[in-house]
Asks: 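Attaching a single structure in structure tokens format; questions to follow.
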Amino acid sequence: MVVGPVVSSVLYAEDLRPGDVFELGSTTVDKDEILEFGRRFDPVPLHTDEDAAAASRFGGLIASGFHTVAVLQRLLVDAVFSRSGLIAGREIDSVRMRAPVRPGDMLHGTMEIVEIRPRDDGTAVVHSRGTLTNGSGTVVLELRGTTLWEHHPPTGAARPEASAHPTGR
């Protein structure tokens, strides 16, 4: 099942099924973002110096892989996590940077549910795969991770309303 870009009510572990794909929407990465992120967090010339980047094998400025991961995280929070019973991230199993992200690239995100493992403590471990593609459809990032989610509250218990808080409370 493909789920639209915004979850309209609180989403709990029981609402997820392996194979569900959440459309996360799109965002454009601009040159100033790449330079700022690079200068603050990954100050190698490919991300901070246009002249040095132009002389590299990439032929120009590219976003840090960590910046690209942060873009995926923002899309995840905006589309799903801010309206869910997500408790916390637990683990990133793999991050694959498959193609460079360049200034002006529009990135589109998806999250696929791979596995849900209910636990006896009212939570569930959810394995998922996040992907970013650029405007030409090339996968630029693939991330596999594990998060901890709430189960539905017991019948008759007050259910939290969706909010901007990552846990949906």
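Below, all heavy atoms of this structure are taken into account, side chains as well, without hydrogens, waters or symmetry copies. Note that the coordinates shown come from a computational prediction; the quantities given were computed from them, not determined experimentally.
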Asks: Nearest 0.5 Å, please: how far is CE in M106 from OG1 in T27?
Replies: 7.5 Å

Asks: Please report the shortest heavy-atom distance between P153 and Y12, naming the atom on each side.
Replies: CD-CZ, 3.7 Å

Asks: Considering only heavy atoms from C-beta outward, does the side chain of V125 approach that of R119 to under 4.5 Å?
Replies: yes

Asks: With rounding to the nearest 0.5 Å, note down the distance linking CG in D20 to OG in S128.
Replies: 11.5 Å

Asks: Determine the minimum heavy-atom distance between P118 and H151, stating which atoms define it.
Replies: CB-CE1, 3.7 Å

Asks: Any heavy-atom pair between the side chains of V29 and H67 that's under 4.5 Å?
Replies: yes

Asks: Are the side chain of T28 and the backbone N or O of G104 linked by a donor-acceptor pair below 3.5 Å?
Replies: no

Asks: Could you go step by step and tell me if H47 and F66 meet the side-chain contact (heavy atoms from CB on, under 4.5 Å) rule?
Replies: CA-CA 11 Å; H47 315 312; F66 294 105; over 6 Å; no

Asks: List the steps, then state whether side-chain contact (heavy atoms from CB on, under 4.5 Å) holds for N134 with L107.
Replies: CA-CA 5 Å; N134 64 20; L107 302 179; 4.1 Å; yes

Asks: In terms of hydrophobic clusters joined by side-chain contacts under 4.5 Å, are L72 and F81 together?
Replies: yes

Asks: Can you name the closest pair of heavy atoms from E14 and R17 and give their distance?
Replies: O-NH1, 2.6 Å

Asks: Rounded to the nearest 0.5 Å, what separation is found between the OG1 atom of T147 and the CD1 atom of I116?
Replies: 9.5 Å

Asks: So E23 and T110, do their side chains get closer than 4.5 Å, heavy atoms only?
Replies: yes

Asks: Please round to the nearest 0.5 Å and tell me the distance separating atom CE of M97 and atom OG1 of T68.
Replies: 7.5 Å

Asks: Which heavy-atom pair separates A53 from L46 by the least distance, and what is that distance?
Replies: CB-O, 3.9 Å

Asks: Side chains of D15 and H152, heavy atoms from C-beta outward: is any pair under 4.5 Å?
Replies: yes

Asks: If two hydrophobic side chains count as joined below 4.5 Å and joins carry through other members, does V114 share a cluster with L143?
Replies: no

Asks: Determine whether I113 and F22 make a side-chain contact, defined as any pair of heavy atoms from C-beta on separated by less than 4.5 Å.
Replies: yes

Asks: Below 4.5 Å, heavy atoms only, C-beta onward: do L76 and L24 meet side chain to side chain?
Replies: yes

Asks: Does any non-hydrogen side-chain atom of W149 lie less than 4.5 Å from one of L16?
Replies: yes

Asks: Check the pair M111, V21 against side-chain contact (heavy atoms from CB on, under 4.5 Å), reporting the backbone distance first and the verdict last.
Replies: CA-CA 6 Å; M111 178 182 76; V21 176; over 6 Å; no

Asks: What distance do R90 atom CZ and T146 atom OG1 have between them, rounded to the nearest 0.5 Å?
Replies: 7.0 Å

Asks: Is it possible for you to say whether I92 and V77 belong to one hydrophobic cluster, with membership spreading through side-chain heavy-atom contacts below 4.5 Å?
Replies: yes

Asks: How close do H108 and S26 get, counting heavy atoms only, and between which atoms?
Replies: ND1-OG, 3.0 Å

Asks: Check whether V80 and L86 end up in the same hydrophobic cluster, where Ile, Leu, Val, Met, Phe, Trp and Tyr are linked by side-chain heavy atoms less than 4.5 Å apart.
Replies: yes

Asks: Counting C-beta onward and ignoring hydrogens, is there a side-chain heavy-atom pair between V139 and R96 closer than 4.5 Å?
Replies: no

Asks: Using a 3.5 Å cut-off and no angle test, enumerate the donor-acceptor pairs between side-chain atoms of residues 35-44 and protein atoms at least two apart in sequence or in another chain.
Replies:
{"residue": "D42", "atom": "OD2", "partner": "S64", "partner atom": "OG", "Å": "2.7"}

Asks: Measure the CG-CZ distance between L11 and R83 for me, rounded to the nearest 0.5 Å.
Replies: 11.5 Å

Asks: Evaluate V101 against L132 for side-chain contact (heavy atoms from CB on, under 4.5 Å), listing each step before the verdict.
Replies: CA-CA 10 Å; V101 173; L132 285 176; over 6 Å; no

